[in-house]
Amino acid sequence: MGKNVRVRFAPSPTGPLHIGGVRTALFNYLFARHHGGTFVLRIEDTDRHRYVPGAEEYIIESLRWCGILPDEGPWQQEGYAPYRQSERQAIYREYVDRLLKEGKAYYAFDTPEELEALRQEYAAGGKTFSYDHSVRGSLRNALTLPADEVKRLLEEGVPYVVRFRIDPGEQLHLHDEIRGDLTFDTSTLDDKVIYKADGMPTYHLANIVDDHLMEITHVIRGEEWLPSLPLHVLLYRAFGWKAPAFAHLPLILKPEGKGKLSKRDGDRMGFPVFPLQWTTPEGEVWPGYREEGYFPEAFVNMLALLGWNPGTEQEIFSLEEMARLFSLDRINRSGARFDPQKARWFNHQYLQMKPLGEVTEMFREELEKRGIPADPALVKKVVALTRERVDFVRDLWQEASFFFVAPEHYDEKVVKKRWKGDVPHLMEEVKEVIRVTEPFESSVLEERIKSWIEAKEAGMGKVLNALRLLLVGASKGPHLFDIMEMIGKEETVARIEKGLEKLKVKS
């Protein structure tokens with residue numbers, strides 16, 4: 001691929017990182033790893049009005065949780081530092097002055113009120129105002145004002161912006177690594193602001209200068225930047241620089257309906273759209289995948305397959321496997337629909353693959369939070385028996401709480417269906433069979449109790465379902481005799497007695 005691959009992820013710290021942003025970071029990371037290159041994190045914080053305290057730390061923590069921490073970033077003082085655009089102001093001024101001097105950019109003194117009046121005037125006539133080649137000759141800028149007037153306005157500190165001058169009539173033939181060959185007509189482009197009145201560059205100028213100075217070879221970014229591609233290529237040309245290769249990723253779409261996935265979709269349908277929980281400055285809390293119990297590997301695996309197709313039926317990949325297989329030509333052009341159920345499916349797969357000891361320790365922590373001391377050996381057996389039924393470690397409690405605490409309530413539907421006739425009397429009798437069974441093991445219990453049921457002609461389903469109700473509180477759980485062995489004889493007998501007492505009034 002020629003010179004060393006260098007890619008960058010360049011988010012703005014204006015709030016939490018959307019999963020679309022995480023996927024952009026992931027694809028940059030995979031591309032860099034595939035080519036033995038470098039993955040750079042740059043913080044694009046030139047928009048000081050929208051800056052949110054804590055957002056930069058959130059971005060870095062999110063990437064760390066996902067296991068895709070960049071090789072270079074704002075924590076470094078060496079290399080291509082600084083990596084925050086707000087700390088690179090002097091650099092941008094130098095390049096703005098160069099464009100101004102060469103007549104490729106110009107000062108514009110139009111006030112926001114004047115421009116808004118023009119927008120409204122155009123809108124009234126059913127048109128859209130665009131500050132371009134067709135109108136710039138009649139507006140308040142350095143192209144129309146005398147040189148001494150421009151000098152005076154600058155000396156007096158009159159607010160201005162710098163606009164990039166785009167000449168009409170050229171067909172720009174460009175290439176996108178995902179979308180192929182594209183053509184843009186420069187007559188349709190406006191003279192974008194590249195430097196603002198507050199002394200900060202806009203994204204358009206800053207990202208071009210930074211990508212050049214940081215020797216970025218490939219710009220892999222979201223589809224929303226595709227309309228800016230011609231402007232960025234023209235800026236490279238204006239500076240006499242070679243442009244990097246560009247690849248614009250498809251959108252992540254809503255689970256249903258049209259449009260891009262938003263946080264409101266997640267709020268409405270009950271799934272996160274952020275990697276980590278985020279609390280707004282106003283105190284509003286948005287859920288995160290980490291706090292919802294997702295494993296980072298499952299989250300990353302799910303994201304990778306939103307828009308990238310490895311070309312096989314395989315769906316479970318480690319980061320190393322993804323990096324080995326990753327290529328831009330296997331990214332789809334069309335949007336990828338987000339499926340919250342598929343996200344859960346991925347977590348389920350990873351939960352099953354994790355070492356039993358690791359899941360046991362996680363569940364033991366859940367039990368500790370509930371103030372339940374538990375024998376590690378019992379916890380391990382419970383996890384082994386129940387984890388295939390759940391998608392998250394936290395759900396093991398719902399599935400297996402009866403191993404640790406006796407039921408306080410009994411499922412009304414099951415009681416109505418199972419607790420009638422001579423069932424209470426049969427439970428008294430089976431309790432005595434259980435009391436004298438030795439050794440107290442699942443296979444022995446099963447043989448003794450089933451033999452007793454056959455001898456009594458009591459009905460297998462009738463006895464075993466009622467017994468499960470007393471031990472579990474519902475008609476759920478793994479093999480009944482395994483439950484009995486695991487909770488032990490004393491607890492089994494105690495639960496039968498407690499259930500008989502509690503359900504007396506219902507019989």
Side-chain angles (χ1 to χ4, degrees), residues 359-360 362-390 392-446 448-450 452-453 458 460-507:
V359 183
T360 298
M362 288 186 226
F363 186 45
R364 203 183 57 72
E365 287 170 12
E366 287 282 325
L367 293 172
E368 270 182 14
K369 285 180 200 168
R370 296 170 184 273
I372 295 168
D375 170 30
L378 172 63
V379 179
K380 194 169 189 176
K381 282 183 188 173
V382 169
V383 170
L385 270 176
T386 57
R387 71 165 160 176
E388 67 183 33
R389 301 161 185 260
V390 301
F392 302 97
V393 171
R394 65 162 191 264
D395 292 345
L396 286 167
W397 173 254
Q398 198 177 337
E399 196 65 38
S401 60
F402 54 83
F403 281 109
F404 308 99
V405 290
E408 287 300 322
H409 307 284
Y410 302 87
D411 188 308
E412 290 286 344
K413 286 182 183 172
V414 183
V415 171
K416 194 172 180 183
K417 187 175 180 183
R418 304 291 182 193
W419 202 256
K420 53 192 177 187
D422 61 347
V423 164
H425 178 69
L426 289 169
M427 291 302 102
E428 289 281 9
E429 287 192 35
V430 83
K431 179 182 73 175
E432 295 311 315
V433 176
I434 291 166
R435 202 191 291 277
V436 298
T437 298
E438 286 295 341
F440 200 77
E441 293 170 0
S442 178
S443 57
V444 179
L445 283 160
E446 183 167 7
R448 297 277 169 83
I449 291 171
K450 284 186 173 178
W452 175 82
I453 293 170
M460 205 67 75
K462 182 177 175 179
V463 172
L464 298 183
N465 284 310
L467 189 51
R468 183 179 291 276
L469 174 67
L470 297 183
L471 299 182
V472 174
S475 59
K476 66 174 187 180
H479 192 52
L480 180 62
F481 303 102
D482 287 347
I483 296 173
M484 292 162 73
E485 180 185 330
M486 287 165 70
I487 65 175
K489 182 186 287 189
E490 194 179 320
E491 179 66 12
T492 300
V493 170
R495 287 190 189 188
I496 294 171
E497 289 175 344
K498 179 183 177 182
L500 282 163
E501 187 62 34
K502 281 206 161 195
L503 293 172
K504 241 182 206 172
V505 289
K506 299 182 186 284
S507 56

[X] versus [Y], closest heavy-atom pair with distance:
| X | Y | answer |
| --- | --- | --- |
| K489 | I434 | CE-O, 3.7 Å |
| W397 | F363 | N-CE1, 3.6 Å |
| L471 | F402 | O-CB, 4.2 Å |
| L500 | P424 | CD2-O, 3.6 Å |
| E429 | H425 | OE2-NE2, 2.7 Å |

Using a strict cut-off of less than 4.0 Å between a Lys/Arg side-chain nitrogen and an Asp/Glu carboxylate oxygen, indicate whether E491 and R495 qualify as a salt bridge.
yes
Ion pair K462/D422, N-O distance below 4.0 Å:
yes
Atom [atom1] in [X], atom [atom2] in [Y]: separation rounded to 0.5 Å?
| X | Y | atom1 | atom2 | answer |
| --- | --- | --- | --- | --- |
| E432 | T437 | CD | OG1 | 10.5 Å |
| R364 | L396 | CZ | CG | 14.5 Å |
| L470 | K502 | CG | NZ | 12.0 Å |
| I449 | L464 | CD1 | CG | 7.5 Å |
| R418 | S475 | CZ | OG | 7.5 Å |
| E497 | M427 | CD | CE | 13.5 Å |

Please list, one pair per line, the donor and acceptor atoms closer than 3.5 Å that link side chains of residues 476-484 to other protein atoms, with sequence neighbours excluded.
unit_1, atom_1, unit_2, atom_2, d
K476, NZ, Q398, O, 2.6
H479, NE2, E446, OE1, 3.1
D482, OD1, S442, OG, 2.7

Test log, rule side-chain contact (heavy atoms from CB on, under 4.5 Å), inputs W452 and L426:
CA-CA 11 Å; W452 175 82; L426 289 169; 4.0 Å; yes
With a 6.0 Å cut-off (strictly less than), is the heavy-atom count around CD of E438, excluding the residue itself, greater than 12?
yes
With a 6.0 Å cut-off (strictly less than), is the heavy-atom count around CD of E388, excluding the residue itself, greater than 12?
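It does not: E388 CD has 12 such atoms or fewer within range.
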side-chain contact (heavy atoms from CB on, under 4.5 Å) evaluation trace for V382 with L378
CA-CA 6 Å; V382 169; L378 172 63; 4.0 Å; yes
Set out, in order, the CA-CA distance, both residues' side-chain angles and the distance that settles side-chain contact (heavy atoms from CB on, under 4.5 Å) for L469 and L503, then state yes or no.
CA-CA 11 Å; L469 174 67; L503 293 172; 4.2 Å; yes
Report the C-alpha distance between W419 and V414 in whole Å, list the side-chain angles of each, state the deciding distance to 0.1 Å, and finish with yes or no for side-chain contact (heavy atoms from CB on, under 4.5 Å).
CA-CA 8 Å; W419 202 256; V414 183; over 6 Å; no
Student check: side-chain heavy atoms of F440 and T492 closer than 4.5 Å:
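The answer is yes; the side chains approach within 4.5 Å.
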Heavy-atom side-chain proximity of M486 to L385 below 4.5 angstrom:
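Yes; the side chains approach each other to less than 4.5 Å.
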Go through it in stages, so that I can follow the logic: the residues are K498 and E408, the test is salt bridge (charged side-chain N to carboxylate O under 4.0 Å, His left out), and I'd like the CA-CA distance, side-chain angles, deciding distance and then a yes or no.
CA-CA 9 Å; K498 179 183 177 182; E408 287 300 322; 2.9 Å; yes
